[in-house]
Amino acid sequence: MRIGTGYDVHQLAEGLPLWLGGVLVPHTHGLVGHSDADVLLHAICDALLGAAALGDIGKHFPDTDPQYKGISSLKLLTHVGGLLKEHGYHVGNIDSTVAAQRPKLAPYIQQMRQNIADALGIEVGQVSVKATTTEHLGFEGRMEGISAQAVALIES
């Protein structure tokens, strides 16, 4: 058994799409990034890669590489799942939290969980996604950005 953690942050900007957990969430602002900037999926990728001691998302999908410009982070997560299998690992479970003052994410969490499970070829019951506000504190509370944290357990 191995455990990994992941953390990601992206800045919010007006007029961009807001992708979280592979779901296009209706909102006036979206996340700035080289890919689709899906902080939740990026944190999960890093947790899985870290658990397997395979580096981080920047090593595998550098933001200097034009092939990743605008790419769906679900594709990145699917690739990470393939790397785990190549190295003899399977996912035990994932627990994740998104910190955003707005929008409210509860209506989208089940679809996020399903998207993550589908990308990794695991059961939805192995994936937990939670959302929280920061009670108007910090950059999330000021609606300058969104962050996500994830913990993953993998087994050989």
Side-chain angles (χ1 to χ4, degrees), residues 1-12 17-27 30-31 33-63 68 70-135 137-141 145-156:
M1 243 186 291
R2 299 176 74 140
I3 297 170
T5 64
Y7 176 74
D8 196 39
V9 172
H10 283 273
Q11 181 180 6
L12 282 164
L18 178 57
W19 288 98
L20 291 170
V23 175
L24 182 57
V25 177
H27 193 49
L31 295 169
H34 185 69
S35 66
D36 64 7
D38 189 324
V39 293
L40 175 58
L41 297 185
H42 294 180
I44 291 170
C45 284
D46 268 347
L48 293 167
L49 289 166
L54 295 174
D56 61 22
I57 195 169
K59 173 184 174 183
H60 293 274
F61 316 107
D63 63 6
Y68 302 119
I71 194 169
S72 167
S73 294
L74 282 172
K75 291 182 180 179
L76 304 181
L77 183 59
T78 300
H79 183 80
V80 168
L83 287 172
L84 290 177
K85 286 179 186 162
E86 286 176 26
H87 286 85
Y89 296 109
H90 66 274
V91 177
N93 76 297
I94 296 167
D95 184 25
S96 60
T97 304
V98 178
Q101 195 62 43
R102 282 197 305 246
K104 295 296 182 191
L105 299 176
Y108 310 101
I109 285 179
Q110 185 57 35
Q111 186 60 56
M112 292 176 191
R113 292 178 64 219
Q114 190 64 59
N115 290 346
I116 294 161
D118 290 348
L120 293 170
I122 61 176
E123 298 297 319
V124 71
Q126 294 172 266
V127 180
S128 171
V129 174
K130 303 177 301 295
T132 188
T133 70
T134 60
E135 302 298 331
L137 296 173
F139 68 88
E140 300 101 334
I146 294 177
S147 69
Q149 296 181 42
V151 177
L153 179 132
I154 63 172
E155 300 170 290
S156 54

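Everything numeric in this text was worked out from a predicted model, so none of it was measured.
Summarising the geometry of S72 relative to D36, their closest heavy-atom pair is CA-OD2, 3.3 Å, with the distance given to 0.1 Å. Here the closest non-hydrogen pair linking A47 and A150 is CB-O, 3.7 Å. Minimum interatomic distance between P103 and V25 (heavy atoms only, all atoms of both residues): CG-CG1, 3.7 Å. Between E140 and S147, the closest heavy-atom pair is OE2-OG, 2.6 Å. When all heavy atoms of I94 and A152 are compared, the closest pair comes out as CG1-CB, 4.3 Å. Closest approach of M112 to V129, counting heavy atoms only: SD-CG1, 4.1 Å.
I3 contributes atom CD1, which lies 10.0 Å from atom CD of E155 (distance to the nearest 0.5 angstrom). Distance NZ/K59 to CG/L49: 8.5 Å, rounded to 0.5 Å. The CZ atom of F139 lies 12.0 Å from the CD atom of Q101; values are rounded to the nearest 0.5 Å. Rounded to the nearest 0.5 angstrom, L20 CG and L41 CG are separated by 8.5 Å. S156 contributes atom OG, which lies 13.0 Å from atom NE2 of H87 (distance to the nearest 0.5 angstrom).
With H60 contributing its side chain and L54 its backbone, the two residues share a donor-acceptor pair below 3.5 Å.
In summary, the side chains of H42 and S35 do present a donor paired with an acceptor at a separation below 3.5 Å, with no hydrogens or angles considered.
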Mind listing the side-chain donor-acceptor pairs of residues 115-126 below 3.5 Å, one per line with the distance, residues two or more places apart or on another chain?
unit_1, atom_1, unit_2, atom_2, d
N115, OD1, Q111, NE2, 2.7
N115, ND2, G21, O, 3.1
N115, ND2, G22, O, 3.2
N115, ND2, Q111, O, 3.4
D118, OD1, Q114, NE2, 2.8
Q126, OE1, E123, N, 2.8
Q126, NE2, V91, O, 3.0
Q126, NE2, G92, O, 3.1

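The shortest distance between side-chain heavy atoms of L77 and D38 does not fall below 4.5 Å. Residues K85 and H90 fail the side-chain proximity criterion, which asks for heavy atoms closer than 4.5 Å. Side-chain contact between L24 and W19 is present, with heavy atoms from C-beta onward closer than 4.5 Å. Between D46 and D8 the shortest side-chain heavy-atom distance does not fall below 4.5 Å. Counting heavy atoms from C-beta on, the side chains of L76 and Y68 come closer than 4.5 Å.
In this view, K130 and D95, T97, S128 satisfy the side chain to side chain contact (heavy atoms under 4.5 Å, CB included) rule, not counting sequence neighbours. Residues satisfying the ring-ring contact (aromatic ring centres under 6.0 Å, His included) test with H79, not counting sequence neighbours, are F61.
The side chain to side chain contact (heavy atoms under 4.5 Å, CB included) test with C45 singles out one residue from D56, L40, I57, and that residue is I57.
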Practice task
List the steps and the verdict of side chain to side chain contact (heavy atoms under 4.5 Å, CB included) for I146 and V9.
Solution key: CA-CA 6 Å; I146 294 177; V9 172; over 6 Å; no
Practice task
Go through S96 and V151 one step at a time and tell me if the side chain to side chain contact (heavy atoms under 4.5 Å, CB included) criterion holds.
Solution key: CA-CA 6 Å; S96 60; V151 177; over 6 Å; no
Handout entry: Verdict with supporting geometry, I154 and L48, side chain to side chain contact (heavy atoms under 4.5 Å, CB included)
Key = CA-CA 7 Å; I154 63 172; L48 293 167; 3.9 Å; yes
